[in-house]
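Single-structure report; data block below.
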Amino acid sequence: MSSTENEDSHGPAPEGYDTWEKYCAATAAQFCFDAQPPIKGVWEKIPSLTTNAIFAALFGVSLVAFVISYFRARRQGTFFTVMMSLGLLCEIIGYVGRALSAKNPWDDMGFMVQIVCLTIGPAFLAAGIYTCLAKVVSVYGEESSRLPASWYTRIFIPCDVVSLVLQASGGGIAAASDDIDLLNMGNNIMIAGLSFQVFILVVFLVVSGEFLLRVRNRKKTYGPDAGFEQGEPAKTIRQGFMFKAMIIALAVSTVAIFWRSCFRVAELSEGWNGPLMARDDLFIAFESVMILIAVAVLNVFNPCMVFGVMMSSKWRKQGGFRKSESTATTSSDEELNVLRQSAQGERRATGFGNQRHYQSQGQYNGNQNSRYGV
């Protein structure tokens, strides 16, 4: 309902106010809630105070859990934790804005705060998830991947930054403007940022799925362990239950953020007064619940706790396994072919390190087959 329609339905606004919306925004008088037909402002449907307060509290608990896990992991995984924390702070602020709007739905500040914060929050969460794929690749070994582990963050993080900048700038323009043209421009920029995020998430899901398929094929070819990184801590991490569960958690979290992003593109594409904006039930189901699932599964199977020292910047700067002299690195395909053809039973399932490691231990005599006891 426009301002003109409000004036036509309820008569002139009280003295000192240009419109009924401004009067209600300034006073939140009971008449504003009871008026028939309703005096509408920026909200198509007044949000629920209880529901939004609950989600703000749940995201607050999730934030505390990530911080606790970070310190339990001896402050490993700073970037991941910072990204998840920033995303959750956006979620908390956004739901506080929605809760405040339940008390005064004519004040557009709460509406704009939740639009900006809840739109950009998942971009931070996605950045945290992107870093984890590089760690998964390192645990299995780069021989299982089409790209070096570091390239996954070099590709997806900048793309996520572009998405975040578009969403934030679009939301800022929309929040700061009373002009309908600027408001629509801000909305379109946000849609562009969200659409780009959806595209990047699709690419990420495809790349991740292709990598896991290569891992599966490598297991079939070389056995459950021999075809992968033999250095520590990768070997121990790979054999643990938490690592396998964390991969599932990352997949669930990514799909949840993807589903939510698709919904927000559809919602904003219909404009500020579109039918989806008025569907609080769909917003709760496809926005609130999806993001809660995305962070909850990573609270339970936190990558910082799973990867440990591999999440540290020091480990990356030292080159990870590439510069390690005390542990074996992943066997080459040629060595693995020898292993596949000659080793039997437990000898094949166990797997071995590479030539460099055995030379350093004085256990390699130049005869490649002798390494495998044949």
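- A 4.5 Å side-chain heavy-atom check between F80 and F66 finds at least one atom pair inside the cut-off.
- Looking only at distances, no side-chain donor or acceptor of Q167 sits under 3.5 Å from a matching main-chain atom of V165.
- Of all heavy-atom pairs spanning S48 and D280, the tightest one is N-OD2, 4.4 Å.
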Does C90 form a disulfide bond (SG atoms under 2.5 Å apart) with C117? I'd like the steps, not just the answer.
CA-CA 5 Å; C90 288; C117 291; 5.2 Å; no
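- Judged by distance alone, the side chain of R260 and the main-chain N or O of M290 form no donor-acceptor pair under 3.5 Å.
- A 4.5 Å side-chain heavy-atom check between T153 and Y130 finds every atom pair outside the cut-off.
- The two atoms that bring N52 and P47 nearest to each other are ND2-CB, 3.6 Å, heavy atoms only.
- Using a 4.5 Å heavy-atom cutoff, the side chains of F33 and P105 are in contact.
- The closest side-chain heavy-atom distance from I93 to V116 is not below 4.5 Å.
- Judged by distance alone, the side chain of E287 and the main-chain N or O of I284 form no donor-acceptor pair under 3.5 Å.
- Here CZ of F228 is found 7.0 Å from CZ of R218. Values are rounded to the nearest 0.5 Å.
- Remark: side-chain polar atoms of S163 are not paired, donor with acceptor, to backbone N or O of C159 under 3.5 angstrom.
- P122 places a side-chain heavy atom less than 4.5 Å from the side chain of E91.
- With a 4.5 Å cut-off on side-chain heavy atoms, L118 and R264 count as touching.
- For W106 (side chain) and I39 (main-chain N/O), a donor-acceptor pair under 3.5 Å exists by modelled atom type.
- Within a 6.0 Å sphere centred on NZ of K244, heavy atoms belonging to other residues, nucleotides or ligands number more than 12.
- You'll find the side chain of N187 stays beyond 4.5 Å of the side chain of L183, heavy atoms only.
- Not counting sequence neighbours, S253 has no partner by the side-chain hydrogen bond (donor to acceptor under 3.5 Å, both in side chains) test.
- Side chain of R238 to backbone of E229: a donor-acceptor contact under 3.5 angstrom is found.
- For the pair S101 and I46, the tightest heavy-atom approach, listed with the atom from each and the gap, is O-CG2, 4.4 Å.
- Within the 3.5 Å criterion, the main-chain N or O of A25 finds a donor-acceptor partner in the side chain of N104.
- Contact detail for M83 and A127: the closest heavy-atom pair is SD-CB, 3.9 Å.
- A 4.5 Å side-chain heavy-atom check between Q197 and V265 finds every atom pair outside the cut-off.
- Within 6.0 Å of the CH2 atom in W43, the count of heavy atoms belonging to other residues, nucleotides or ligands exceeds 12.
- Take Y152 and apply the side-chain hydrogen bond (donor to acceptor under 3.5 Å, both in side chains) test, not counting sequence neighbours, and it matches S145.
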Donor-acceptor list for residues 198-211 side chains, cut-off 3.5 Å, not counting sequence neighbours:
residue : atom : partner : partner atom : Å
S208    : OG   : F204    : O            : 2.8
E210    : OE2  : R146    : NE           : 2.6
E210    : OE2  : R146    : NH2          : 3.1

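- No continuous path of hydrophobic side-chain contacts links W20 to M109 [ILVMFWY only; heavy atoms under 4.5 Å].
- For R214 and Y140, the positive end is not near the middle of the six-membered ring at less than 6.0 Å and at most 45° from its axis.
- Between the side chain of T81 and the main chain of T78, no donor-acceptor pair closer than 3.5 Å is present.
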